[in-house]
Amino acid sequence: MLQDFYRGREWLQRDEAIRSGAMAAQNIMLAAEELGYHTSPMIGFDLDQVGDLIRLPENHVIVMMLAIGKGAESAKPRGGQLKLEEVVVSDRF
């Protein structure tokens, strides 16, 4: 049944790969943090160059990269939290 659901819908196959990859990455990050490591998802890298470097097959997609390790120094303080009404939307889009 699922093969028929995804067949011919490449956009849906890609969306599902990204969803599944993101959930896997979150679990990896949670497990690493539990083991005492620091983690961070990474953006801003050249997807094509990384794909070439790891010889990524044409029918695969890079969802994200994760940095996992021990911090060399403490994180800098955050700039503050946004007001709740700026980030929460109720009963509308």
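Residues A22 and V63 share a closest heavy-atom pair of N-CG1, 3.8 Å.
Every residue was checked against the side-chain contact (heavy atoms from CB on, under 4.5 Å) condition with P77, not counting sequence neighbours, and none meets it. Scanning for side-chain contact (heavy atoms from CB on, under 4.5 Å) contacts around L12 gives F5, Y6, R9, R19, with sequence neighbours left out. Not counting sequence neighbours, the partners of E86 by the side-chain contact (heavy atoms from CB on, under 4.5 Å) test are L82, K83. The side-chain contact (heavy atoms from CB on, under 4.5 Å) search around A25 returns M64, L66, not counting sequence neighbours.
Other residues sharing the hydrophobic cluster of L30, ordered by chain and number and joined by side-chain separations under 4.5 Å: none, the residue standing alone.
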Would you mind writing out the side-chain donor-acceptor pairs for residues 36-53 within the sub-3.5 Å range, not counting sequence neighbours?
| from | atom 1 | to | atom 2 | distance (Å) |
| --- | --- | --- | --- | --- |
| H38 | ND1 | G71 | N | 2.9 |
| T39 | OG1 | E33 | OE2 | 3.1 |
| D46 | OD1 | D48 | N | 2.9 |
| D46 | OD1 | Q49 | N | 2.8 |

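The distance from the CD1 atom of I18 to the CD1 atom of I62 is 11.5 Å, given to the nearest 0.5 Å.
I28 and L35 fall within the same hydrophobic cluster, where Ile, Leu, Val, Met, Phe, Trp and Tyr residues are linked whenever their side-chain heavy atoms come under 4.5 Å apart, directly or through other members. Hydrophobic clustering places I68 together with M29 (ILVMFWY residues linked when any side-chain heavy atoms are closer than 4.5 Å, directly or through intermediates).
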